[in-house]
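Encoded as structure tokens, the structure appears first; notes follow it.
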Amino acid sequence: MSDTVFVIFGISSDLSMVKLLPAIYHLVKNKGVSDFSIVGLASSDYTVDYLVDNFKKRMKNPDLKVINKIKERLVYQKGDFNDPSTYIELMNNINQSGNKNILYYLATLPEYFKSITCNLKKQGLTKEKNNWVRIVFEKPFGTDLKSAIDLNNCVTSAFSESQVYRIDHYLAKELVQNISVLRFMNSTFEPLWNNEFIDNVQIILDENLGIGRRAKFYDKSGVVKDIIQNHALQLLSLVAMERPKDLTPENIRDAKYKLLSSIKPINKSDICLSQYKGYKNEKGVSPDSTTPTYVATRLFIDNDQWAGVPFYIRAGKKQKNKQIMIYVEFKKNYLNNGVFENLNPNYLVISVQPCEGVYMVLNIKEPGRAEVSPVKMEFVHAGAFDVNTPEAYETLFECILEGDHSVFVRSDEIEQSWKLIDPIIDKVVNPEIYEEGTLPNCVKNLIESDNRKWFVRKSCNTK
Ligand code: BG6
């Protein structure tokens, strides 16, 4: 996995500080990556000391030997991403690193993606000789369908598909990788995974934080482009896709693409957009911004397996707790035909984060009494597998270094997601304002108008 120069465009970004450099740190510390170097690019005056201190202070008990190794091997290059001379200097830096393989990571604002790709090509920096050259695009890939197609045309004219890695870091989360395993490597669920047995599915992506330092990106993007177009639709496609021929990356991607293509267009009454109170006062946000920071939507899938089953998705910022989970509710009265009243439905929860795990709720008789109560049957990931589970970005880097595309998104999936999202983006007029730590009213109403409620997790087991 070694002998690689990591070229990070946007080295000063939060993403680089919080995810990318820590991921490289873990690869060096735990996975034996030794012969490497980093060229970090950004447009302002920074020093290597400043950058390393900045990422070090965000890590818990960092191993100073590893930090120093990174410091020795990091070169900072100030440069304008649109200026061809930047790429001449970059070529020199790459040559001086002495490393064979090149991994470009675009952690910049998306508007630079095209220019960086074209400039790398012009400078002859995309060619593989006796080495590999790979390029990684952070999300969002495009800002709508048209720009995604345009960007993809540019990317595929500069790189072959096998060199390209389009990130959706949710795909590298342990519990997300477990969705296909749970569904297709157990015989328990798949026979029930359809509209005959399932009442509704909820995909919840609540965050407690606000937009932090990312106003420049976020105010243009908003939660629909930031989370629904990618993370939420990827989770939905993994939960609802048909059984693929096998679990190889291409067959999973084919099945996800097919599922994404069968989601019905979203009606205006099936979406609710809101903004947290105080958002307009955030540094860098326009004072009359209508950018939504919270969204809920109800989706339907146009195939025999899922006809009539609502998939509720909600996502956004400034909620009480960070919680990413998938809730699958089974039909209550399938077997007893309504004979037993007040029964709780069985349900399955895939808890992606925090409290990684899976649990099922069953009806069980209480001791000595005739009463029946819902009881949890739970798999706690940290309890079974220890705490050294790799972080999503570590897994992503490992896969890229090994040339494994399984946790990356294909361009047809991205374009299909934009097809679904494009028509609803313009619909934001006056988003409802919600208080920090509360669900917007329209989000509650969206599900309650179907006589259902959002799932609430009462406790969270970590051991
Ligand atoms: C990113 C979004 O893709 O995912 C951010 O741009 C969001 O707005 C983040 O905060 C959430 O990721 P995670 O891994 O912390 O759930």
Side-chain angles (χ1 to χ4, degrees), residues 10 13-23 26 58-59 105-113 136-143 148 165-179 203-236 238 273-276 279 282 284-285 289 291-295 313-326 350-356 381 389-397 407-409 413-414 417-418 421 425 436 457 460:
S13 62
D14 270 3
L15 177 74
S16 299
M17 292 297 144
V18 179
K19 305 281 191 191
L20 307 187
L21 289 173
H26 286 293
R58 304 181 198 218
M59 298 194 67
Y105 200 112
L106 275 55
T108 65
L109 287 173
E111 52 254 41
Y112 291 115
F113 288 2
V136 187
F137 291 89
E138 251 307 322
K139 57 152 278 274
F141 193 88
T143 50
Y165 294 77
R166 300 174 191 84
I167 292 251
D168 185 316
H169 75 279
Y170 270 52
L171 296 183
K173 290 183 190 270
E174 274 299 317
L175 265 292
V176 174
Q177 294 191 57
N178 261 306
I179 298 173
I203 299 180
I204 297 177
L205 300 102
D206 280 353
E207 294 184 72
N208 49 350
L209 300 177
I211 58 164
R213 294 197 303 148
R214 297 170 73 223
K216 210 168 164 187
F217 159 74
Y218 197 90
D219 204 34
K220 276 198 214 151
S221 161
V223 62
V224 178
K225 291 187 184 186
D226 188 38
I227 303 286
I228 302 296
Q229 188 271 343
N230 36 79
H231 305 324
L233 288 178
Q234 283 293 318
L235 294 186
L236 171 62
L238 286 168
L273 297 157
S274 13
Q275 187 186 76
Y276 63 79
Y279 172 75
E282 297 273 19
V285 168
S289 171
T291 300
T293 59
Y294 205 91
V295 61
I313 300 180
R314 72 173 214 225
K317 308 267 183 204
K318 291 263 180 180
Q319 289 302 297
K320 208 151 125 203
N321 298 309
K322 163 103 185 172
Q323 44 175 7
I324 317 289
M325 49 194 184
I326 297 159
I350 302 171
S351 179
V352 176
Q353 205 185 330
C355 319
E356 287 83 345
H381 193 274
T389 305
E391 242 261 42
Y393 274 86
E394 259 174 270
T395 305
L396 290 168
F397 268 111
V407 287
F408 297 87
V409 191
E413 295 175 69
I414 294 178
S417 302
W418 280 123
I421 294 305
I425 284 169
E436 187 169 326
R457 185 177 53 201
C460 173

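We count residues from 1, following the sequence as given. Remember, it's 1-based here, ligands and their atoms both numbered in the order they're listed.
Scored by the ring-ring contact (aromatic ring centres under 6.0 Å, His included) test, F408 finds Y165 as partners (sequence neighbours excluded). The ring-ring contact (aromatic ring centres under 6.0 Å, His included) test applied to Y218 returns no partner, not counting sequence neighbours. Shown here are the side chain to side chain contact (heavy atoms under 4.5 Å, CB included) partners of N230, two or more places apart in sequence or in another chain: K139, D168.
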Contacts table for ligand 1: protein N or O within a distance under 3.5 Å of ligand N or O, distances only.
unit_1: ligand 1; atom_1: 3 (O); unit_2: K139; atom_2: NZ; d: 2.7
unit_1: ligand 1; atom_1: 3 (O); unit_2: H231; atom_2: NE2; d: 2.7
unit_1: ligand 1; atom_1: 4 (O); unit_2: H231; atom_2: NE2; d: 3.4
unit_1: ligand 1; atom_1: 6 (O); unit_2: K139; atom_2: NZ; d: 3.0
unit_1: ligand 1; atom_1: 6 (O); unit_2: R214; atom_2: NH2; d: 2.9
unit_1: ligand 1; atom_1: 6 (O); unit_2: D226; atom_2: OD1; d: 2.6
unit_1: ligand 1; atom_1: 6 (O); unit_2: D226; atom_2: OD2; d: 3.3
unit_1: ligand 1; atom_1: 8 (O); unit_2: R214; atom_2: NH1; d: 2.9
unit_1: ligand 1; atom_1: 8 (O); unit_2: D226; atom_2: OD2; d: 2.6
unit_1: ligand 1; atom_1: 8 (O); unit_2: K317; atom_2: NZ; d: 2.8
unit_1: ligand 1; atom_1: 10 (O); unit_2: E207; atom_2: OE1; d: 2.5
unit_1: ligand 1; atom_1: 10 (O); unit_2: E207; atom_2: OE2; d: 3.3
unit_1: ligand 1; atom_1: 10 (O); unit_2: K317; atom_2: NZ; d: 3.2
unit_1: ligand 1; atom_1: 12 (O); unit_2: H169; atom_2: NE2; d: 3.2
unit_1: ligand 1; atom_1: 14 (O); unit_2: H169; atom_2: NE2; d: 2.7
unit_1: ligand 1; atom_1: 14 (O); unit_2: K173; atom_2: NZ; d: 2.6
unit_1: ligand 1; atom_1: 15 (O); unit_2: K322; atom_2: NZ; d: 3.0
unit_1: ligand 1; atom_1: 16 (O); unit_2: Y170; atom_2: OH; d: 2.6
unit_1: ligand 1; atom_1: 16 (O); unit_2: K322; atom_2: NZ; d: 2.5

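Taking each heavy atom of Q275 and S289 in turn, the nearest pair found is NE2-O, 3.1 Å.
Two residues are said to be in side-chain contact when any heavy atoms from C-beta on lie closer than 4.5 Å; L205 and I324 meet this criterion.
Counting only N and O atoms by type, the side chains of Y276 and E282 include a donor and acceptor under 3.5 Å apart.
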